[in-house]
Amino acid sequence: MEVLASSSLSPIFTKHNHINPNFSIQVKLKRYNNSRSNASSRLVFVCNRFMCLLDRNDHRKFSGKFMINFRQNLSVALVRVVSVLLVSSISMVTTDSPSWGLSEENLLFLEAWRTIDRAYIDKTFNGQSWFRYRETALRNEPMNTREETYMAIKKMIATLDDPFTRFLEPGKFKSLRSGTQGAVTGVGLSIGYPAASNKSPGGLVVISAAPGGPANRAGVSPGDVILGIGNTTTESLTIYDAAEMLQGPEGSVVELAIRSGPETRFLSLTRERVSVNPVKARLCEIPGTGSNSPKIGYIKLTTFNQNASSAVKEAIETLRGNNVSAFVLDLRDNSGGSFPEGIEIAKIWLDKGVIVYICDSRGVRDIYDTDGSNAIATSEPLAVLVNKGTASASEILAGALKDNKRALVYGEPTYGKGKIQSVFQLSDGSGLAVTVARYETPAHTDIDKVGVIPDHPLPKSFPRDEEAFCGCLKDPTAACYLNQGLLFSK
């Protein structure tokens with residue numbers, strides 16, 4: 001047995017039977033295995049007057065913690081520690097949730113720590129000792145109130161340097177969960193980045209306002225520019241950040257600065273539950289001769305909620321009833337959503353092939369593919385529209401259709417979110433979005449921070465709404481004109 005003493009101050013006892021609070025001791029015990037090898041593991045107790053922490057050097061996680069009262073003589077405390085070890089023959093039962101002497105707030109912090117420990121893709125945790133961080137945080141971070149605990153969790157997550165792994169307060173967690181179920185608690189806006197040709201001051205563009213929603217009732221229209229949300233300017237916000245700020249608990253208020261043409265308005269909107277229809281569809285009839293006029297089915301997919309795949313199927317069947325000869329799938333400003341729904345929509349268009357490779361730090365761990373059993377639209381020509389607001393599940397879908405040569409992709413490079421998050425609920429109703437994997441397209445392209453590269457650009461003035469889209473296919477004199485024959489030409 002080896003006993004070491006260390007102190008950030010001079011290790012001086014101020015009174016008999018009392019120990020300097022900054023003084024700590026380490027008790028190291030070596031245990032040799034009974035195997036033929038000489039391998040051994042070492043148990044280390046690090047103690048001060050508040051607690052003893054147990055560490056081990058055999059790469060197995062140990063999270064046992066217990067309290068020792070140092071009112072008695074230091075040597076007596078040491079004897080007790082050693083006795084516990086000897087009586088148990090160095091055999092200890094450990095748990096993932098140390099509870100001796102821990103408060104309810106400590107336990108919530110540990111629940112978040114354990115969730116990330118088990119699920120996070122990077123097992124180096126951004127090059128730090130995740131176990132050591134936990135013990136340091138429990139000693140040093142204030143966790144006397146729920147707000148302080150939330151702050152400690154956010155601080156812990158920040159050390160991962162991963163913008164997509166984030167903490168969600170109960171209200172935000174509830175909004176996120178309801179959003180994937182077909183409704184969100186917000187103001188009813190679909191937003192995107194301004195067009196490249198837009199030389200006006202920065203901001204985020206309103207793509208659509210849900211009919212009857214708070215923003216729609218306040219007169220917000222497609223094409224309006226959101227300049228600020230609360231006290232934050234949108235000039236440098238991503239659509240992810242802005243969408244999170246627009247959503248929140250039902251009945252709460254969000255302040256918006258909106259530019260409509262030359263006028264800037266300041267609105268106070270009350271968040272409410274807004275149903276989200278993920279699909280808009282339109283039939284575009286191109287001028288031709290007689291009954292041979294080509295018909296194109298336009299499908300705009302705005303989000304991947306649990307209704308998305310069924311809504312896409314319904315749109316395809318409806319347009320087919322009008323004898324369309326080709327489809328356009330518009331994924332511009334679709335920031336993603338449910339990963340399973342993205343897979344299901346890819347299966348609609350593909351007769352066979354890999355959809356996406358799921359990878360971790362060791363390489364490919366899973367493959368999503370299709371045998372064509374769920375396909376309903378594999379024969380008609382298909383064009384996919386993307387922009388820098390196309391992200392996450394949208395990129396998985398666009399990459400699958402491109403790499404399998406099912407579709408031509410038009411627009412600009414997509415957002416480049418090549419990581420997959422899972423959402424975990426904590427015991428108090430808050431939650432964590434944790435990066436659990438990265439993905440590669442069927443061609444083994446890692447699009448993280450690069451995006452899906454389109455086959456062809458779109459005209460800079462190409463519109464985003466379905467009405468104007470049809471006009472750009474019909475009018476050869478329009479600045480946005482796109483020849484429908486070239487649109488589907490491979």
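Quick caveat, the model's predicted, so the values are computed rather than measured. We number each residue from 1, following the sequence as shown.
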Test salt bridge (Lys or Arg N to Asp or Glu O under 4.0 Å) applied to [X] - qualifying residues, sequence neighbours left out:
X: Lys300; value: Asp330
X: Lys280; value: none
X: Asp366; value: none

Considering residues at least two apart in sequence or located in another chain, which fulfil the ring pair (Phe, Tyr, Trp, His ring centres under 6.0 Å) criterion with [X]?
X: Phe327; value: Trp349
X: Phe424; value: none
X: Tyr481; value: none
X: Tyr298; value: Phe469

With sequence neighbours excluded, tell me which residues meet side chain to side chain contact (heavy atoms under 4.5 Å, CB included) with [X].
X: Ala443; value: Asp403, Thr441, Thr445
X: Ser427; value: Leu108, Glu111
X: Val364; value: Tyr357, Cys359, Ile367, His444
X: Ser430; value: Tyr150, Phe167, Pro170, Leu426, Asp428

Would you list the atom pairs, donor with acceptor, under 3.5 Å between side chains in residues 217-226 and any protein atom, with sequence neighbours excluded?
| residue | atom | partner | partner atom | Å |
| --- | --- | --- | --- | --- |
| Arg217 | NH1 | Gly212 | O | 2.6 |
| Arg217 | NH1 | Glu272 | OE2 | 3.3 |
| Arg217 | NH2 | Glu272 | OE1 | 3.1 |
| Ser221 | OG | Gly219 | O | 3.4 |
| Asp224 | OD1 | Ser260 | OG | 3.3 |
| Asp224 | OD2 | Ser221 | N | 2.9 |
| Asp224 | OD2 | Ser260 | OG | 3.0 |

